[in-house]
Protein chains: 2
Amino acid sequence: MDLDLIRSLVVPGTAKILLLSSDGLGGFPHPGTGRSELETARLPHLDALAQRGSCGLIRHVAPGITPGSGPGHLGLFGYDPLRFPVGRGVLEALGIDFDLRSGDVAARGNFCTVDGAGLITDRRAGRISTERCVELVDRLRTIRLPRVETFVQPVKEHRFVLVLRGAGLSGRLSETDPQAIGRPPLAAHAEAPEAEATARLVNRFVDQARGLLADAAPANMLLLRGFDELPTFPRFPEVFGLRAGAIAAYPMYRGLARLVGMDVLKTGPTFTDEVATLGAHFPAYDFLFLHYKDTDKAGEDGDFAGKVAALERLDAEIPAIEALRPDVLVVTGDHASPAVLAGHSWHPVPVVLAGRYALADTVSRFSERACAAGSLGTLPAHYLMPLCLAHALRLTKYGA
Amino acid sequence: MDLDLIRSLVVPGTAKILLLSSDGLGGFPHPGTGRSELETARLPHLDALAQRGSCGLIRHVAPGITPGSGPGHLGLFGYDPLRFPVGRGVLEALGIDFDLRSGDVAARGNFCTVDGAGLITDRRAGRISTERCVELVDRLRTIRLPRVETFVQPVKEHRFVLVLRGAGLSGRLSETDPQAIGRPPLAAHAEAPEAEATARLVNRFVDQARGLLADAAPANMLLLRGFDELPTFPRFPEVFGLRAGAIAAYPMYRGLARLVGMDVLKTGPTFTDEVATLGAHFPAYDFLFLHYKDTDKAGEDGDFAGKVAALERLDAEIPAIEALRPDVLVVTGDHASPAVLAGHSWHPVPVVLAGRYALADTVSRFSERACAAGSLGTLPAHYLMPLCLAHALRLTKYGA
């Protein structure tokens, strides 16, 4: 389904839509109990929502394909991730309010730990503090490359952004992260002829960084991934006819919302802060995107109990969210992060869509297995926005 | 979803995938009992597999479209049958190890029975013996056509292959099989201008054959279908990053596996032989395709009880297959062949995918109706391979 079709059917309305994305929401049964994180957690408010709403499963990219957080959220925002690819470097740069310009090449950086032989022992450098990250980024800012400007920006913990600015750069580069420990960082390779020069510059940057970080263990090396140039997206507010605001404590999700043209609202570091921000801005917007990070973090750490606890904390905030009386309330996630896999997975993710015109189906539990029996079926993520608009009575019919 | 996308996400792994295709697996309720073949059969091992795996229904081409065995299997192998059409003649020729060359036109032949008025009374000539088929093929080999070489090869029972080799041939021909009894064989018609000359040659072949077979009742005439030229397919082992072997007693399925680049393993005529071959070659492959023909044969013959028995024989072999401990085990079929229809049908086909990371859903019976409630939903066949790869942890995530 084309975004131009949606745009052509949008009509003005007053109903408000709230999209709550619990990052890495979906899980997988614990081998000891046979119950997933969602099935283990006590979630009275989410279960009640499932009972009065329409439920289903969201598939973000395609069957069997594990979504990164970028494609996962783009899907939730209505953009088919296969038609709108975007690199993580671009998202990270946008998420820290970096003034990315056309032609810039951005990459996500991780500080990592290498042993005496140069082999990676921790891909996240023990999650160093953000303060330490800032200090080490200052070292990297001393690196000068020929004919390009170099920007290094700290993000959070072990993460930073590298941006190269100059003529003739290309983002068609392979990553330096081997995605495994016990192996050395890789050289960046050009994936297209026009990226040869950029690959040489990046590898030169990494070589100099190695020397500058040698005494900084556990952050004594770096990994670069998600090389990309700034793409152009159809603007969310114009496509869907919605004044749209985004609330996310974590920068990447702010960057993604900004990429599609949402207003990014200033908020605090906790989800309670986010919910307060939501309440303050609710009257001024037609659509609000609210992001909850803790579920993904626990899942990626392989912390089953931690993910259960994160889900219960989320559930506790649902009454405050419902008290705002959004006309359409959607709760879902951008991908699964089962604790048993300690990472993203391809499993489809539960969704509930509640509102006056949402059919209450037979589902009464908000979980992977319960939602599989819901009336929404298993739905590509980019169909969710048209469904939200429909339930908000903001789409006219197609054809006479 | 593009095969290039899958190829770009494939990562090395050690997990093994086993795909068991029970030909014509799906059925339909017997009017007397209201239960389908699968619902009637005693299938303790397949039911147990359904209980611990993820279940669903497979749709091979599109809703309402009945798949031939070629498209049905291509779908299971990960190739969208609408994007990769292939004629049955090509498959039959490959299945008997015929050295098909680019530009050759191949057709599947059936000996059939016609009455004194030339009307078909049995489209399969009473399933004559393979020995008799060989004798009659020898007669057909005496036919000479102008400017082309003609090859006729016996297959099995009433089946043979016709190949025309020469310049300017085209496979865009209509079939001579009216797919019904009480009607005469049809003339082949060109479906494109470039096939006019080929149509004349084929009709000349059929006219000469009519005379040569006049005294050979019940095999006193022939039908030709599935005209096609040899197409080029992306190679399965390269697209999916799998050392792939195929085990099938029946030639067409070997031909199809060879067409996509699988190793075709030598096996015996029974399914027990096939399972022994599977055991012998299991260590050397990442992916093995195992084909079971009996279900389709009984279904096509309209033999409800025979299909039930064929399913129970299949079930009895499941423990030997599971004893190999494949990391991902999929059981499904290439199309439905309900006995009540005595032929292929469009009904979607049950599938179970079992493995460590396959969510056990609420399904506890391996049948059409039970699997409709499974967590895989109703899935286009060509998404099965990405799902297999995902469950084998052989795909990296899409985007960051």
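Since we're looking at a predicted model, the values are computed, not measured. Chain A is the first sequence line, chain B the second, and so forth, proteins listed ahead of strands; every chain is numbered from 1.
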Can you tell me which portion of [X] sits under 4.5 Å from chain A's heavy atoms? Options are side chain, backbone, both or neither.
X	answer
A360(B)	both
L389(B)	neither
L384(B)	neither

**Asked** Is a donor on one side and an acceptor on the other found under 3.5 Å between the side chain of H347(A) and the backbone of L359(B)?
**Response** no
**Winner by heavy-atom pair count (cut-off under 4.5 Å) against chain B, out of V340(A), D228(A), L341(A), L57(A)** =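 Heavy-atom pairs under 4.5 Å are most numerous for L341(A).
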**Request:** Please report the shortest heavy-atom distance between P63(A) and P386(B), naming the atom on each side.
**Result:**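 Residues P63(A) and P386(B), closest heavy atoms: O-CB, 3.4 Å.
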To the nearest 0.5 angstrom, please state how far the [atom1] atom of [X] sits from the [atom2] atom of [Y].
X	Y	atom1	atom2	answer
T362(B)	R369(A)	OG1	CZ	9.0 Å
I6(B)	I65(A)	CD1	CD1	4.0 Å
L379(B)	T378(A)	CG	OG1	9.0 Å

Heavy atoms, side chains only, cut-off 4.5 Å: are [X] and [Y] in contact?
X	Y	value
T66(A)	T396(B)	no
Y398(B)	P81(A)	yes
K397(B)	Q179(A)	no
L395(B)	W346(A)	no

[X] portion near chain B, given a 4.5 angstrom heavy-atom threshold:
X	answer
L74(A)	neither
H335(A)	neither
R59(A)	side chain

**R356(B), CZ: over 12 other non-hydrogen atoms inside 6.0 angstrom** =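 At most 12 heavy atoms, drawn from other residues, nucleotides or ligands, come within 6.0 Å of this atom.
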